[in-house]
Amino acid sequence: MKISVRKSKKTTRNEVDFDNLEFGVHFSDHMYFVDYENGKWGTPHIEPYGPMKMYPALSTLHYGQAVFEGLKAFRGIDGKIRLFRPDKNHERHNMSCERMCIPAISYELFLEGIKKLVELDHAWVPEKRGCSLYIRPFVFATDNFLGVRVSYTYRFMIIASPVGAYYKEGLNPVKLITSGEFVRAVKGGLGAVKTPANYAASLYPGEVAKKKGFTQVLWLDGIENRYIEEVGTMNIMFVIDGTLVTPPLEGSILPGVTRNSVISLAKHWGLPLEERKITIDEVMSEAKKERLQEVFGTGTAAVISPVGWIQHNDNTITIHNGEIGPVSQRLYDEITGMQYGEKADPFGWCLVL
Ligand code: COI
């Protein structure tokens with residue numbers, strides 16, 4: 001596949017403190033893009049990272065017809081760069097595109113773009129354990145038109161950002177709070193696709209949660225406000241009396257790649273696992289009975305993120321003394337071990353570049 005490349009004359013890499021990376025602040029020197037018009041995707045380009053010219057009536061800005069993904073490139077202990085499960089991201093990208101009436105993209109356009117970008121910007125893949133180059137593929141409607149309809153034209157892009165831990169807590173447990181007032185998504189809506197609207201819906205409730213001293217909202221279902229869904233930036237898992245329990249994918253929860261990886265690992269290890277509906281009342285009551293052993297989130301950005309506290313209706317539970325538990329730690333070690341080339345990869349999840 002031919003990619004037209006215009007290389008950056010300078011690098012901003014030296015301006016970045018790679019010992020103190022935050023999430024999503026810095027961007028590598030190049031960006032990849034390909035435009036869709038007249039019913040087909042055109043020639044892919046790589047250009048220096050920078051501002052783009054867009055019309056004010058760009059339909060995405062008004063009606064949100066867009067999809068994004070997130071995956072990471074890791075520098076292994078052998079010096080090789082690995083991508084983690086890019087095929088799963090591509091699969092979900094096209095699933096999201098279908099729901100958002102956006103044309104699908106081939107695996108070749110998706111993967112070759114990532115590979116070329118990482119090859120050009122390989123110096124941006126951090127050396128430090130726990131850090132990586134976060135890769136953000138995304139697609140958005142580009143019609144210069146204000147009527148509400150499906151756009152005829154699109155731009156697919158990939159940008160890359162060297163990152164550390166997503167939460168300032170790092171691997172220390174985060175604090176979650178439920179919301180009796182707001183919902184993220186309902187079945188039949190957009191909750192299962194990776195589209196900006198879901199994140200927009202979470203911003204205001206997220207600010208309310210932050211003001212109360214919590215990291216994020218633990219979303220409950222939009223109808224009965226009882227069933228646990230996800231956290232918005234990650235899926236959620238519970239260890240109850242030795243069994244790993246996670247809400248099922250029923251149309252309002254994002255099908256996370258890390259969620260899927262954890263489920264595969266649990267099956268592989270013979271860990272009792274239940275993908276089933278779970279209410280917040282069950283979680284609170286299991287905590288009271290001291291049967292709730294661990295809670296953690298899973299996500300590309302969040303990796304395995306322990307949850308130390310959950311507040312629901314003025315009751316707060318502390319999980320595993322506010323410390324990471326053994327199942328969360330084992331999953332974190334196993335997944336990151338594969339990503340950094342330290343552990344065997346029995347599922348063939350890592351693509352070595
Ligand atoms: C990811 O984990 O890749 C996400 O997209 C979550 C968040 C940064 C939006």
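Order of appearance sets the numbers: ligands from 1, and atoms from 1 within every ligand.
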- So, Glu275 and Arg259, do they make that salt bridge, N to O below 4.0 Å? yes
Can you list, pair by pair, the side-chain donor-acceptor contacts under 3.5 Å of residues 44-51, counting residues two or more places apart and other chains?
from	atom 1	to	atom 2	distance (Å)
His45	ND1	Ser4	OG	2.8
His45	NE2	Thr43	O	3.3
Glu47	OE1	Arg6	NH2	3.3

- Face-on cation placement of Arg82 at Phe74 ring, 6.0 Å and 45° thresholds: no
- Do Gln311 and Thr178 have side-chain N/O donor and acceptor atoms under 3.5 Å apart? no
Check each N or O atom of ligand 1 against all protein N or O atoms and list the pairs under 3.5 Å, with atom names and distances to 0.1 Å, one per line.
from	atom 1	to	atom 2	distance (Å)
ligand 1	2 (O)	Thr300	N	3.4
ligand 1	2 (O)	Ala301	N	2.8
ligand 1	3 (O)	Tyr134	OH	2.6
ligand 1	5 (O)	Tyr134	OH	3.3
ligand 1	5 (O)	Lys194	NZ	2.8

- Message: Assess, by modelled atom type and distance only, whether the side chains of Asp35 and Trp41 contain a donor and an acceptor separated by less than 3.5 Å.
- Response: no
- State whether Asp143 and Arg149 are salt-bridged, where the test is any N-O pair (Lys NZ or Arg NE/NH1/NH2 against Asp/Glu carboxylate O) under 4.0 Å. yes
